[in-house]
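Reckoned from all heavy atoms, side chains included, excluding hydrogens, waters and symmetry mates. Just so you know, residue 1 is the first one in the sequence shown, and it goes up from there.
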Amino acid sequence: MTGGLAEQRRAAIRREFARRGSVRTADLAERLGVSERTVQRDLDWLADQLPTGRRVYGGLVSAEPGTAAPGLRIGLLLPVGDHYYEEVIAGAEAAAAALNVRLVVGTYAYREDLETAALHRLGEVRLDGLVATVDYRGHGYHQLRALGLTTVVIERPWHPDRFSSEVADSDQIDHVCSDHHAGAGIGLRHLAGLGHRSVLCLVRGTATAVPLLRGLEHGAAELGPSCPVEMHAVPVDPETLEPLPEVWQPLLADVIERCRTGAVTAIFAHADWEAQELHRRLATAGIAVPDRVSLLAYDGVRIDPDPVLSAVTPRRRWIGAMAVETVVDRLRSRGRRSHEQRPGYQVSLVPELILRSSTAPSPCA
């Protein structure tokens, strides 16, 4: 690409940014006929040149107060404001501050009746758009559609084969989700790469379980017989989402015994509570982590200073930020997808592997 063409392209992006207050990488790449990587380099350069330009995930927004999206009110509806969603909220708040919009936050404690009530209350508040986590299999999704708001659903990807065909316009709602399927593969490849040839996986029975188990199955098939992978879904109490003691305690005792005999040298545990409980029980049994057994958590949110567990961690802050940026972008363009021939987005963010002190090469390697 010659310098002259690059200058013309950047000038066009600058004009679009001045007109709209933000630009998106994917839109510019399609419009200008170049790769997204080329546009990303242009936006990095422009962010340094423009005093009001702020780079965010997926584009460039105005950081000048009052210019980005004055007066917009965005609802943020989440199951709970706990350790997992605290990070989502933090990311959403940071993006809202950069875009000069106000967030109205509500939670419903994973109960369908409270979810229905929360959506009803949001319908009575003046909102311009909504970011929400709802269960497609309940009434939440249909109630969400009835609100008629520009909406981004987070952490509940749309899969037509899994849900009712009555929801025919699901492609007109944007989605931002963690790619738990990819996260499972990242964890298994890390353990296999350390030479472990017997990996036990424990998956808490929450909304994360389905894609995580599918990812583990796919990863196990890729590794083949050289690294057998055993999977256990751990049922939970529907109110507390904590493992059912009558299942968890016998399973935990069996896992500890198999680690004692060397039948298992690595454990991949979802979520943090299970991983920390395993670490405590292994220490009590005199089984050293990671010298005899490597322990990898999936979530990596609620990690105590001791033990310091390696973890595959969903990018929760990015999820919140990306969702708010997307809904604001839709509102700025007034949701006219047909005008731009643009379908709804389903963005999957790949988790990251954070290495700490609980994983090491297999003692059998």
Minimal non-hydrogen separation, [X] against [Y], with atom names:
| X | Y | value |
| --- | --- | --- |
| Ala297 | Phe268 | O-CE1, 3.9 Å |
| Gly129 | Val327 | CA-CG2, 4.2 Å |
| Ala192 | Leu223 | CB-CD2, 3.8 Å |
| Arg315 | Val350 | NE-O, 2.6 Å |
| Ala92 | Leu76 | CB-CD2, 4.0 Å |
| Ser294 | His196 | OG-NE2, 3.1 Å |

* To do: Tell me, please, which residues at least two apart from Ala285 pass side chain to side chain contact (heavy atoms under 4.5 Å, CB included).
  => Ile256, Arg260, Ile287
* **side-chain contact (heavy atoms from CB on, under 4.5 Å) between Val34 and Arg9, intermediate numbers included** => CA-CA 10 Å; Val34 295; Arg9 189 177 61 247; 4.2 Å; yes
Any donor-acceptor N/O pair, [X] side chain to [Y] backbone, under 3.5 Å:
| X | Y | answer |
| --- | --- | --- |
| Thr208 | Thr206 | no |
| Ser198 | Ala263 | yes |
| Arg197 | Pro228 | no |
| Thr326 | Met322 | yes |
| Glu155 | Ser178 | yes |
| Glu274 | Ala271 | yes |
| Ser358 | Leu295 | yes |

Is any side-chain N of the basic residue among [X] and [Y] closer than 4.0 Å to the acidic one's carboxylate O?
| X | Y | result |
| --- | --- | --- |
| Glu277 | Arg280 | yes |
| Arg31 | Glu16 | yes |
| Asp128 | Arg73 | no |

* Is a side-chain donor-acceptor pair under 3.5 Å present for Ser310 with Thr359? -> yes
* For Ile267 and Cys259, run side-chain contact (heavy atoms from CB on, under 4.5 Å): C-alpha distance rounded to whole Å, both residues' side-chain angles, the deciding distance at 0.1 Å, then the answer. => CA-CA 9 Å; Ile267 303 172; Cys259 291; 3.8 Å; yes
Going hydrophobic residue to hydrophobic residue with side-chain gaps under 4.5 angstrom, can you get from [X] over to [Y]?
| X | Y | answer |
| --- | --- | --- |
| Met231 | Trp248 | no |
| Leu72 | Val152 | yes |
| Val210 | Leu188 | no |
| Phe17 | Val39 | yes |
| Val328 | Val88 | yes |

Quick one: [atom1] on [X] to [atom2] on [Y], what's the gap to the nearest 0.5 Å?
| X | Y | atom1 | atom2 | result |
| --- | --- | --- | --- | --- |
| Leu349 | Ile154 | CG | CD1 | 10.5 Å |
| Leu194 | His190 | CG | NE2 | 4.5 Å |
| Leu127 | Leu331 | CG | CG | 10.5 Å |
| Ile186 | Glu352 | CD1 | CD | 9.0 Å |
| Glu36 | Arg41 | CD | CZ | 12.5 Å |
| Leu191 | Leu296 | CG | CG | 5.0 Å |

* **Contacts of type salt bridge (charged side-chain N to carboxylate O under 4.0 Å, His left out), residue Asp179, not counting sequence neighbours** => none
* Structure fact -> With sequence neighbours left out, the residues meeting salt bridge (charged side-chain N to carboxylate O under 4.0 Å, His left out) with Glu230 are Arg258
* Asked: Should the ring pair His270 and Tyr298 be called parallel, tilted or perpendicular, given that the plane angle runs from 0 to 90° and is split at 30 and 60?
  -> perpendicular
Taking side chain as C-beta onward, heavy atoms only, is [X] less than 4.5 Å from [Y]?
| X | Y | answer |
| --- | --- | --- |
| Tyr108 | Leu77 | yes |
| Val234 | Val203 | no |
| Asp299 | Thr313 | no |
| Glu325 | Leu99 | yes |
| Leu202 | Leu251 | yes |
| Ile13 | Leu32 | yes |
| Thr151 | Val131 | no |
| Glu242 | Val236 | no |

* side-chain contact (heavy atoms from CB on, under 4.5 Å) between Leu147 and Leu119: does it pass, once the steps are laid out? -> CA-CA 8 Å; Leu147 292 177; Leu119 284 168; 4.0 Å; yes
* Asked: Given Leu46 and Arg14, is the side-chain contact (heavy atoms from CB on, under 4.5 Å) satisfied, shown in steps?
  -> CA-CA 8 Å; Leu46 285 170; Arg14 186 193 293 262; 4.1 Å; yes
